[in-house]
Amino acid sequence: MINSVIEIVRRASALMKSSDFEIAQKGDIANIVTTSDVAVQEFLCRELETLVPGCGFLCEEEDEHRLDKEYTWIIDPIDGTANYSRGIAQCAICVGLKHHDEMVMGVVYIPYTQELFHAEKGKGAFLNGKPIHVSDRSFSNSIMCTALAVYHKEYAQICSEIIVEAFSQINDIRRFGAAAPELCYVAMGRCELYFEYILSPWDYAAASVILSEAGGMLTDLHGNRLTGITATGVLAANTEENLNRLQHIVQSRI
Ligand code: IPD
Ligand code: CA
Ligand code: CA
């Protein structure tokens with residue numbers, strides 16, 4: 001089935017490449033949706049339902065969620081919509097599949113760099129068909145992807161305190177503006193750490209399978225396993241030791 005999902009995601013990306021999309025605001029000025037987000041999501045839902053008839057869906061651009069099914073697709077049609085709307089390459093289509101309460105498959109595709117990440121539980125993680133693995137860099141040599149809680153600016157202060165403390169102990173930080181590609185960068189060894197104070201399930205569900213299968217680990221801010229269906233803070237790292245050190249910094253400030 002993974003090959004069918006990959007093919008569907010690649011076909012959906014054609015809908016992202018159109019340059020004549022329109023932008024609407026969902027909440028404050030940072031929170032936007034484009035006509036491409038909606039078109040990609042509608043296409044994915046239609047096609048994925050034929051692969052798993054009777055499945056559930058948890059998608060960003062809809063109010064109703066179907067969560068009581070054996071299989072649930074968790075979809076972010078465009079992760080990094082602000083980047084997309086400005087022609088910045090870091091934006092991705094994200095499709096995850098949950099079986100009961102376990103994530104079993106993830107596909108993250110960045111059309112502008114033509115990087116397609118995929119993983120199935122127990123079968124390893126891949127970038128454009130080639131196996132990927134986290135790096136073995138130490139904490140002090142780590143690059144951390146992070147953000148200041150763009151849709152929850154009330155947490156910007158606590159996020160900055162955590163980021164500044166981490167920054168003082170590691171190599172550097174990055175704010176690429178798209179959670180799923182960032183988690184995939186940890187999976188492939190480009191970066192080592194990830195911290196966001198609050199993410200929606202569609203931001204991390206697909207990428208969580210890719211990162212776990214690449215040998216990395218991710219938890220909520222308290223060290224608990226992620227379910228893939230709740231809004232939560234997310235910590236990720238290439239190694240258990242680095243995750244523990246990041247967790248220690250976060251725990252001392254929340
Ligand atoms: C957002 C991006 C951003 C992250 C936010 C996400 P969206 O997703 O991943 O990098 O900081 O937390 O919500 O809204 O562009 O799909
Ligand atoms: Ca997102
Ligand atoms: Ca999105």
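We count ligands from 1, going down the list as the structure has it; atoms in each ligand are counted the same way.
Between the side chains of Tyr194 and Glu196, at least one donor N or O lies within less than 3.5 Å of an accepting N or O. Side chains of Ser138 and Ser140: a donor on one and an acceptor on the other come within 3.5 Å. Counting only N and O atoms by type, the side chains of Thr219 and Asn224 include no donor and acceptor under 3.5 Å apart. There is a side-chain donor-acceptor pair under 3.5 Å between Glu192 and Ser135. With 3.5 Å as the limit, one finds no donor-acceptor pair spanning the side chains of Tyr185 and Glu115.
Within the 4.0 Å heavy-atom shell around ligand 1 one finds Ile78. For Ser200, the heavy-atom gap to ligand 1 stays at 4.0 angstrom or more. Note on ligand 1: Arg175 sits in its first shell, one or more heavy atoms being nearer than 4.0 Å.
Under the 6.0 Å distance and 45° angle rule, Arg10 counts as a cation-pi partner of Tyr109.
His118 is listed as a side-chain neighbour of Ile6, based on a closest heavy-atom distance under 4.5 Å. At a threshold of 4.5 Å between non-hydrogen side-chain atoms, the residues Cys94 and Trp202 do not count as touching.
On a distance-only criterion, Ala82 and ligand 1 share no N/O pair closer than 3.5 Å. Residue Val150 has no nitrogen or oxygen atom sitting less than 3.5 Å from a nitrogen or oxygen atom of ligand 1, judged on distance alone. The N/O atoms of Ala179, backbone and side chain alike, include one that comes under 3.5 Å of an N/O atom in ligand 1. The distance criterion of under 3.5 Å between nitrogen or oxygen atoms is not met by Ala180 with respect to ligand 1.
Ring-centre distance between Phe21 and Tyr84: below the 6.0 Å cut-off.
Near Gly177, meaning under 4.0 Å from any of its heavy atoms, are these atoms of ligand 1: 2 (C), 3 (C), 10 (O). Close approach of ligand 1 to Ala147 (heavy-atom distance below 4.0 Å) involves ligand atoms 11 (O). Close approach to Leu199 involves these atoms of ligand 1, each under 4.0 Å from a residue heavy atom: 12 (O). Counting atoms of ligand 1 from 1 in the listed order, those under 4.0 Å from a heavy atom of Glu60 are 14 (O), 16 (O). Heavy-atom contacts of Asp76 reach the following atoms of ligand 1: 16 (O) (cutoff under 4.0 Å).
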**Item:** Verdict with supporting geometry, Glu213 and Lys121, salt bridge (charged side-chain N to carboxylate O under 4.0 Å, His left out)
**Value:** CA-CA 7 Å; Glu213 286 297 315; Lys121 193 172 164 41; 5.2 Å; no
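With respect to atom 14 (O) of ligand 1, the closest heavy atom belonging to the protein is Tyr151 OH, 2.6 Å. Nearest to atom 5 (C) of ligand 1 among the protein's heavy atoms is Glu196 OE2, 3.8 Å. Protein heavy atom in closest approach to atom 1 (C) of ligand 1: Asp79 OD1, 3.8 Å.
Surrounding NE2 of His99 are more than 12 heavy atoms belonging to other residues, nucleotides or ligands, all under 6.0 Å away. No more than 12 heavy-atom neighbours from other residues, nucleotides or ligands sit within 6.0 angstrom of CD on Glu22.
Arg225 CZ to Thr227 OG1: the interatomic distance, rounded to the nearest 0.5 Å, is 7.5 Å.
The tally of protein N/O/S atoms under 3.0 Å from the Ca ion (ligand 3) stands at 3.
In the hydrophobic clustering of this structure, Val150 does not group with Phe176; members are Ile, Leu, Val, Met, Phe, Trp, Tyr whose side-chain heavy atoms approach within less than 4.5 Å, directly or through other members.
For atom 6 (C) of ligand 1, the nearest non-hydrogen atom from the set Ile32, Asn83, Asp203, Leu148 belongs to Asp203.
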